[in-house]
Participant: 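I have a structure here, written as structure tokens, and I will follow up with some questions on it.
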Amino acid sequence: MAAALLANTLYSLGFVLEKRALTSLPEVSIRQPARLLRLVLGSPLWIGGSLALAAGFAAQLVVYRTLPIAAAQGIFVSGLVLLVLLSARLLGEETSGRERYALGAILLALLMVVLSLREGSDAVGQEAPYQLILLVCVPSLAAGVWLYGSAERRTRNRHRRPTTGVEYGVAVGLLYGVSSLAIKGVAGHLTTHGIGGALLDLLSSPYPYLLLFTGVFGLVMSQAALQRCRASLIVPVCTTVTSLFTAVLGTLSFGEALPDEPLRLALRVAGTALAVAVLLTMPKHDTAPQPSPPAKELASP
């Protein structure tokens, strides 16, 4: 629990710092990935946000070694509340009444998942068949890249109403869902005994290569989307998709059983269903006022 809450804090802080850095940079695009990387790597604030995300990744490894996937995802969703608070404080992003109701629903979903936990009674899966992992992950990666490309084409239509970033969030969420399964797979290979053999075994698995792919493409796609849309909306959508993807497909892939007791099972399932409902009620068009971009953003690189 402590590691999960620490990961939430680090991820929320990392996204907000990256968003703040991106608002002071010229417009970035996935069609120019080298330029995008050059711009963000030249920003100390963005690097600070990336380091916070990397630390959150380390905390996530600890979580996956101690909690079942479905329970961990329910706790990770709680980070959305902190993210929205930080976005309002540091980025000047305002939330609507509808979005605040969604945050209340997220807190309720977190409470349901936490109440469904019982120490020592839930098995934590460590391994999954590689063929099954690839069968789940490869189509998901293709769907995420395709959906992002479709959102980019629609966004370039100047007559289209401003988007909240739901499409971007779903697309990046699919990539991060695959990344989350890969992190779970890496966590299962970590051991303090026979480090050399464990490393060779890890390199023969698909997990490092899935992490590399999602790391590179997720970085480029998420930064371009984060610059265009409010962090307080695009990140919750992304997180909800990632959590749902990981909780459902990860639980099945790693063979983690759901609680046997009817009450605990109902709480676990209801918490997941509530997270889905939050995603479905997110507005697709932005009506909230956006902070005025600084003059530097409009300058040519």
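Along the sequence shown, the residues carry numbers beginning at 1.
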Participant: For residues Ala21 and Leu45, report the shortest heavy-atom separation together with the two atoms involved.
Facilitator: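 So the two residues come closest at N-CD2, 3.8 Å.
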Participant: Any idea which heavy atoms bring Leu147 and Ala171 closest together, and the distance?
Facilitator: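 Reported closest heavy-atom pair: CD2-N, 3.8 Å.
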Participant: May I ask you to decide if Gln223's main-chain N or O and Lys19's side chain share a donor-acceptor pair within less than 3.5 Å?
Facilitator: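 No; zero donor-acceptor contacts below 3.5 Å.
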Participant: With a 4.5 Å cut-off on side-chain heavy atoms, are Leu53 and Phe57 touching?
Facilitator: no
Participant: Could you walk me through whether Tyr207 and Ile133 pass the side-chain contact (heavy atoms from CB on, under 4.5 Å) test, one step at a time?
Facilitator: CA-CA 9 Å; Tyr207 302 123; Ile133 290 294; 3.7 Å; yes
Participant: Taking the side chain from Tyr209 and the backbone from Leu203, do they hold a donor-acceptor pair closer than 3.5 Å?
Facilitator: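 Yes.
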Participant: Is there a path of hydrophobic side-chain contacts, each under 4.5 Å between heavy atoms, that joins Leu22 and Leu36?
Facilitator: yes
Participant: Tell me which pairs pass ring pair (Phe, Tyr, Trp, His ring centres under 6.0 Å) where either residue lies in residues 214-236, with sequence neighbours left out.
Facilitator: Phe213-Phe217
Participant: Give a yes or no on whether Tyr130 and Val178 share a hydrophobic cluster (residues Ile, Leu, Val, Met, Phe, Trp, Tyr; joining criterion: side-chain heavy atoms under 4.5 Å apart).
Facilitator: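 Hydrophobic grouping puts Tyr130 with Val178.
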Participant: Are the side chains of Tyr11 and Gln60 in contact, using a 4.5 Å heavy-atom criterion?
Facilitator: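 Contact flag for Gln60/Tyr11 side chains = yes.
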Participant: For Glu152, is there an ion pair with Arg228 - N to carboxylate O distance below 4.0 angstrom?
Facilitator: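 Result for this pair is yes, salt bridge flagged.
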Participant: Determine whether the side chains of Ser50 and Glu18 contain a donor N or O and an acceptor N or O closer than 3.5 Å.
Facilitator: yes
Participant: Decide yes or no for Tyr176 and Ser222: does some side-chain heavy atom of the first lie under 4.5 Å from some side-chain heavy atom of the second?
Facilitator: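 Yes, their side chains come closer than 4.5 Å.
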Participant: What I'd like to find out is whether the side chain of Leu210 reaches to under 4.5 Å of the side chain of Ser179, using heavy atoms alone.
Facilitator: no
Participant: Run the side-chain contact (heavy atoms from CB on, under 4.5 Å) check on Leu37 and Leu219 step by step: do they pass?
Facilitator: CA-CA 9 Å; Leu37 292 175; Leu219 171 64; 3.5 Å; yes
Participant: For the residue pair Val235 and Leu226, establish whether any side-chain heavy-atom pair is separated by less than 4.5 Å.
Facilitator: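 They are in contact (side-chain heavy atoms under 4.5 Å apart), so the answer is yes.
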Participant: Might you point out which heavy atoms bring Leu175 and Met221 nearest each other, and give the distance in Å?
Facilitator: CD2-SD, 3.8 Å
Participant: Are any of the side-chain heavy atoms of Leu141 and Thr214 separated by less than 4.5 Å?
Facilitator: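 Side-chain contact under 4.5 Å: yes.
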Participant: Identify the two heavy atoms, one from Arg35 and one from Pro26, that lie closest to each other, and give their separation to 0.1 Å.
Facilitator: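 Looking at all heavy atoms of both residues, the shortest contact is NH2-CB, 3.6 Å.
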Participant: Which pair of heavy atoms, one from Val28 and one from Ala224, lies closest together, and at what distance?
Facilitator: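 Closest approach of Val28 to Ala224, heavy atoms only: CG2-CA, 3.8 Å.
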Participant: Go through the side-chain N and O atoms of Glu27 and Gln227 and say whether any donor and acceptor fall under 3.5 Å apart.
Facilitator: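 Gln227 and Glu27 do not have a side-chain donor-acceptor pair below 3.5 Å.
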Participant: Work out which heavy atom in Leu211 is nearest to a heavy atom in Ala182; give both atom names and the distance.
Facilitator: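 Heavy atoms only, the tightest pair is CG-CB, 3.7 Å.
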Participant: Side chains of Ile234 and Arg230: closer than 4.5 Å at any heavy-atom pair?
Facilitator: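 Answer no - side chains too far apart.
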Participant: Only counting residues at least two apart or in another chain, list the ones meeting side-chain contact (heavy atoms from CB on, under 4.5 Å) with Val136.
Facilitator: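 Listed in chain order: Leu132, Leu181, Phe245, Leu249, Ser253.
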Participant: Do the non-hydrogen side-chain atoms of Leu41 and Trp46 ever get within less than 4.5 Å of each other?
Facilitator: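 Yes, side chains in contact.
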